[in-house]
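Below is one structure, written out as structure tokens, with a few remarks after it.
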2 protein chains.
Amino acid sequence: MRANGLARELIERIADKWTLLIVAALGEEPKLRFSGLRERIERVSHKMLAQTLRQLERDGLVMRTVHPVVPPHVEYQLTPLGRSLLVTVTEFCAWTRRHMAEVEQARSAYDARASVEDAPERAESSPLAPENLRG
Amino acid sequence: MRANGLARELIERIADKWTLLIVAALGEEPKLRFSGLRERIERVSHKMLAQTLRQLERDGLVMRTVHPVVPPHVEYQLTPLGRSLLVTVTEFCAWTRRHMAEVEQARSAYDARASVEDAPERAESSPLAPENLRG
DNA sequence: CTGCATCCACGAAGATACTG
DNA sequence: CAGTATCTTCGTGGATGCAG
């Protein structure tokens with residue numbers, strides 16, 4: 001079962017917000033320059049964008065095309081492998097949009113519950129009662 | 001367009017390796033105890049598991065059931081909302097398994113290319129030639 | 001415009017210990 | 001067994017500067 005480690009490593013590498021956001025961006029706009037990506041992905045730093053793009057390129061998910069002009073013109077696009085991942089990524093993004101409200105609601109409920117459980121502090125179904133002991 | 005920020009926040013929260021691995025684990029084994037999850041998810045620390053489970057609970061993706069016995073017996077399972085996410089998560093894991101080899105291959109190719117580009121250092125299609133200038 | 005290196009700060013995450 | 005808190009460490013990631 002050591003072979004599974006590779007899949008695990010790949011999951012950890014790709015299950016990362018910048019990776020996801022870049023793939024999603026290139027899904028909507030097939031060819032984007034470095035600066036174009038920066039505009040579309042809010043709050044991504046120069047460094048993280050470059051770093052993540054290098055990883056995606058190395059993993060064969062993104063292709064980098066340099067046009068030899070000055071100033072440099074570099075385009076990024078998904079490879080066929082990248083597009084196969086895009087399907088899942090798109091679905092994932094759609095899920096968040098669909099269920100955003102439910103999650104928000106769950107959070108409110110959880111927070112409300114948490115706050116009432118702090119104050120009253122009332123005795124409840126004592127876990128230490130003899131009928132509940134096992135060991 | 002401030003509403004989009006919520007989806008973005010949710011993506012960042014869920015696109016995290018521990019979240020994914022926990023959801024996947026609960027997809028394979030619907031009811032798991034804390035210790036059961038630790039066994040199934042390799043190299044997860046006590047702390048990160050607890051922390052991520054609290055988040056998943058708060059987000060309404062995981063339900064926590066405490067059986068009042070001693071020692072405590074706590075079970076975790078996906079909520080309906082969690083199961084709806086499971087579909088995508090499962091697909092994502094399947095993708096990594098299916099394309100692991102291709103990624104490995106792309107990495108080798110990339111690394112090989114990178115190393116040969118270091119040594120020879122040969123003059124190539126000068127980007128500074130007049131016909132390439134724009135500004 | 002793009003890319004890489006450096007420096008630095010902050011938060012994430014591990015180890016440990018203690019409560020219920 | 002499960003959970004939380006504390007402490008410390010380590011890496012991520014931001015800011016900046018420089019080069020091509």
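Protein chains get the first letters and strands the later ones, always in sequence-line order, with residue 1 at the start of each.
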Count I, L, V, M, F, W, Y as connected when their side-chain heavy atoms are under 4.5 Å apart, and connections chain through other members. Are [X] and [Y] then in the same cluster?
X     : Y      : answer
B:L86 : B:L32  : yes
B:L53 : A:Y110 : no
B:L85 : A:M100 : yes
A:V87 : A:L21  : no
A:V44 : A:V74  : yes

Heavy-atom neighbours of A:Q105 CD exceed 12 at 6.0 Å |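 Atom CD in A:Q105 is not packed in, count stays at 12 or less.
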
Counting any heavy atom closer than 4.0 Å, what does B:R64 reach on the DNA or RNA strands: base, sugar-phosphate only, or nothing?
-> sugar-phosphate

Outermost DNA chain C nucleotides near chain B [under 4.0 Å, heavy atoms] |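 Here the contact window of chain B covers C:dA13 to C:dG20.
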
Euclidean distance, A:E12 CD relative to B:D16 CG, rounded to 0.5 Å | 10.0 Å

Quick one: [X] [atom1] to [N] [atom2], roughly how many Å, whole number?
X     : N      : atom1 : atom2 : value
A:F34 : D:dG20 : CZ    : P     : 18 Å
B:K17 : D:dT12 : NZ    : C1'   : 12 Å
A:I41 : D:dG14 : CD1   : P     : 12 Å

Ignoring hydrogens and angles, does a donor from either the side chain of B:H46 or the base of D:dG3 sit under 3.5 Å from an acceptor on the other?
-> yes

Can you name the closest pair of heavy atoms from A:T79 and A:G60 and give their distance?
-> OG1-O, 2.6 Å

Report yes if a side-chain nitrogen or oxygen of B:Y76 is closer than 4.0 Å to either non-bridging phosphate oxygen (OP1 or OP2) of D:dC1; otherwise report no.
-> no

Parallel under 30°, tilted from 30 to 60°, perpendicular over 60°: which one fits the rings of B:H46 and B:F34?
->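 Ring orientation, 0 to 90° scale: tilted.
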
The bend of the helix from C:dC1-D:dG20 to C:dG20-D:dC1, taken between the axes of its five terminal pairs at each end and rounded to 10°, is 40°

Is there a residue in residues 47-57 of chain A whose heavy atoms reach under 4.0 Å of DNA chain D, and which residues are they?
->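 Output list: A:K47, A:M48.
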
Taking it one step at a time, do A:V23 and A:V62 satisfy side-chain contact (heavy atoms from CB on, under 4.5 Å)?
-> CA-CA 8 Å; A:V23 171; A:V62 159; 5.6 Å; no

B:P72 vs B:V66 side-chain heavy atoms within contact, under 4.5 Å | no

